[in-house]
Structure formats: C-alpha cells, structure tokens
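See below for the structure under consideration.
Values below: all heavy atoms of this structure, side chains included; hydrogens, waters and symmetry mates excluded. Because the structure is a prediction, the values reported are computed rather than measured.
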Amino acid sequence: MKLMVQIDDTVIPLSQCFWIRADATGCVYSSSHGDTAITATDAHKDFTPRQRDRDRELKAGWTIRLLTREQWDAQALPCIKGTCEHRKQAAA
C-alpha cells in the first residue's frame, strides 16, 4: 500500500517526497525521505529528538515541510551544499 500526499496541486506517493527542517530564513539544515514520517510532527521528532529543543526551534520560526523532488532540488539542495543565498547573506 502506498501512502499518497498532495503538495500544491500534485498528488504523489509519500515515498517520493522529502521532509525538510528549515530555520526562520528558510535555510534548510536537515532532510529525510518522505516515508520516514507521516506527519510534520513525527519528522520534527526524528530531526530534533528532545522536546525542549523542538519547542525552541518552533518558537524561533523553524519549520518542517514536505517537498516534492523538484522542490527539494530547488529549495533544499543549495542549502545542504552550502551555496544558498541564506548562507551568503549571513557571511556578508
């Protein structure tokens, strides 16, 4: 049985998606395959095991989002590689 999800107007298998953990600027610090968690809360627990750390991240504006492969390539990959605009601005 495949779990299907809708991202924007596209319905795809959860196994073809990626969970990401991003700071308030949108810079991605963590990523995992979609089928490692069913909900954003579960994915956040995988990324950040301690509750107090998750609470601190959420209060600071961090987000957990589900992306398609195309979205991941455009939004997460540059951050993971350290070539994103977020890091360039922070270094300036």
Side-chain angles (χ1 to χ4, degrees):
M1 178 172 104
K2 284 187 180 182
L3 290 176
M4 304 297 283
V5 294
Q6 182 173 345
I7 300 176
D8 300 326
D9 293 329
T10 307
V11 176
I12 57 174
L14 183 61
S15 62
Q16 293 179 14
C17 300
F18 295 86
W19 289 105
I20 60 154
R21 177 177 152 263
D23 69 9
T25 68
C27 192
V28 176
Y29 284 84
S30 305
S31 175
S32 66
H33 287 278
D35 56 3
T36 60
I38 304 251
T39 67
T41 300
D42 291 337
H44 199 188
K45 287 178 185 177
D46 289 342
F47 291 137
T48 311
R50 293 192 323 201
Q51 179 68 48
R52 68 175 174 243
D53 294 335
R54 290 193 303 274
D55 292 344
R56 187 178 321 121
E57 287 178 353
L58 294 174
K59 187 175 181 181
W62 288 62
T63 58
I64 308 299
R65 298 190 325 261
L66 188 63
L67 303 179
T68 64
R69 178 59 191 226
E70 293 78 20
Q71 291 171 324
W72 189 91
D73 287 343
Q75 298 173 31
L77 185 58
C79 298
I80 301 293
K81 291 170 107 178
T83 60
C84 65
E85 292 301 315
H86 315 103
R87 300 230 172 114
K88 289 178 186 173
Q89 290 173 0

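When the side-chain hydrogen bond (donor to acceptor under 3.5 Å, both in side chains) test is applied to Asp46, no partner is found at least two apart in sequence or on another chain. Scored by the side-chain hydrogen bond (donor to acceptor under 3.5 Å, both in side chains) test, Thr48 finds Arg21, Glu57 as partners (sequence neighbours excluded). Applying the salt bridge (charged side-chain N to carboxylate O under 4.0 Å, His left out) rule to Arg54 yields no partners; only residues at least two apart in sequence or on another chain are considered. Partners of Lys81 according to the side-chain contact (heavy atoms from CB on, under 4.5 Å) rule, which considers only residues two or more places apart in sequence or in another chain, are Leu77, Thr83. Not counting sequence neighbours, the partners of Asp53 by the salt bridge (charged side-chain N to carboxylate O under 4.0 Å, His left out) test are Arg50, Arg56. Residues meeting the side-chain contact (heavy atoms from CB on, under 4.5 Å) test with Gln71, sequence neighbours left out: Ile7, Asp8, Leu67, Thr68, Gln75.
Between Lys59 and Asp55, none of the side-chain N atoms (NZ, or NE/NH1/NH2) sits under 4.0 Å from a carboxylate O, so this pair counts as no salt bridge.
Interatomic distance, CD1 of Ile80 versus OG of Ser30, reported as 7.0 Å (0.5 Å rounding).
Arg65 and Ala22 make their closest contact through NH1-CB, 4.1 Å (heavy atoms, listed as atom of the first residue, atom of the second, distance).
Other cluster members for Trp62: Tyr29, joined by side-chain heavy-atom distances under 4.5 Å among Ile, Leu, Val, Met, Phe, Trp and Tyr.
Every pair tested for ring pair (Phe, Tyr, Trp, His ring centres under 6.0 Å) that includes a residue from residues 37-61 fails, sequence neighbours excluded, so the list is empty. Contacts classified as salt bridge (charged side-chain N to carboxylate O under 4.0 Å, His left out) and involving residues 26-42 (residues at least two apart or in different chains) are not found.
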Sequence neighbours left out, cut at 3.5 Å: what donor-acceptor pairs do the side chains of residues 10-20 make with other protein atoms?
| residue | atom | partner | partner atom | Å |
| --- | --- | --- | --- | --- |
| Trp19 | NE1 | Gly34 | O | 3.1 |
| Trp19 | NE1 | Ala37 | O | 3.0 |

